[in-house]
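Because the structure is predicted, anything quoted here is derived from the model rather than measured. Side-chain atoms are counted along with the backbone in the values below, which use heavy atoms only and exclude waters and symmetry mates. Residue numbers run from 1 in the order of the sequence given.
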Amino acid sequence: MNMFRGAAILLTQLPLLLFVGAKYDLMFGFNRMESGFGFLLLLFLFVPVLNLSWLAVEVVRSVKRSRLQSRATSLLTPLLPAFFLVESIAVDLYIASHAKM
């Protein structure tokens with residue numbers, strides 16, 4: 001589960017790093033190739049879905065844990081994926097706002 005969390009966190013930051021790297025020409029032309037655009041588009045679509053699935057898994061685990069321990073559910077574990085989901089949507093909207101028609 002920790003590898004899934006780490007991958008979700010890393011992939012959430014990757015579109016922003018690619019966008020900023022392309023803006024300051026740190027990608028050595030990768031952003032101008034078709035593969036660079038394809039990779040950014042894949043991340044644009046895949047990362048929010050990944051974060052949404054991570055949020056669903058953490059909510060289910062939190063509810064199961066609260067039923068077993070009969071305590072109030074911990075809001076900290078679902079808040080982290082919710083934060084990264086909001087961040088991934090914000091990064092996608094930021095990148096989409098710079099798209100030329």
Quick one: closest heavy-atom pair of [X] and [Y], and the distance?
X	Y	value
P78	V59	CB-CG2, 4.0 Å
D92	F44	OD2-O, 2.9 Å
V47	P15	CG2-CG, 4.4 Å
F84	N51	O-ND2, 3.4 Å

With respect to L50, which candidate in L85, L11, L55 satisfies the side-chain contact (heavy atoms from CB on, under 4.5 Å) definition? L11

How far apart are the C-alpha atoms of R5 and L80, what are their side-chain angles, what is the distance that settles it, and do they pass the side-chain contact (heavy atoms from CB on, under 4.5 Å) test? CA-CA 10 Å; R5 289 177 184 143; L80 186 65; 5.9 Å; no

Any chance you could measure L43, atom CG, to S88, atom OG, to the nearest 0.5 Å? 11.0 Å

What about [X] and [Y], same hydrophobic cluster or not, with Ile/Leu/Val/Met/Phe/Trp/Tyr joined at side-chain heavy-atom distances under 4.5 Å?
X	Y	answer
V20	L17	no
W54	V49	no
V91	L42	no

Non-neighbouring partners of E87 that pass salt bridge (charged side-chain N to carboxylate O under 4.0 Å, His left out), sequence neighbours left out: none

Hits for salt bridge (charged side-chain N to carboxylate O under 4.0 Å, His left out) against R61, two or more places apart or cross-chain, chain-then-number order -> none

Across all chains, not counting sequence neighbours, the ring pair (Phe, Tyr, Trp, His ring centres under 6.0 Å) partners of F46 are none

Any side-chain to backbone donor/acceptor pair from T12 onto A8? Under 3.5 Å, distance only. yes

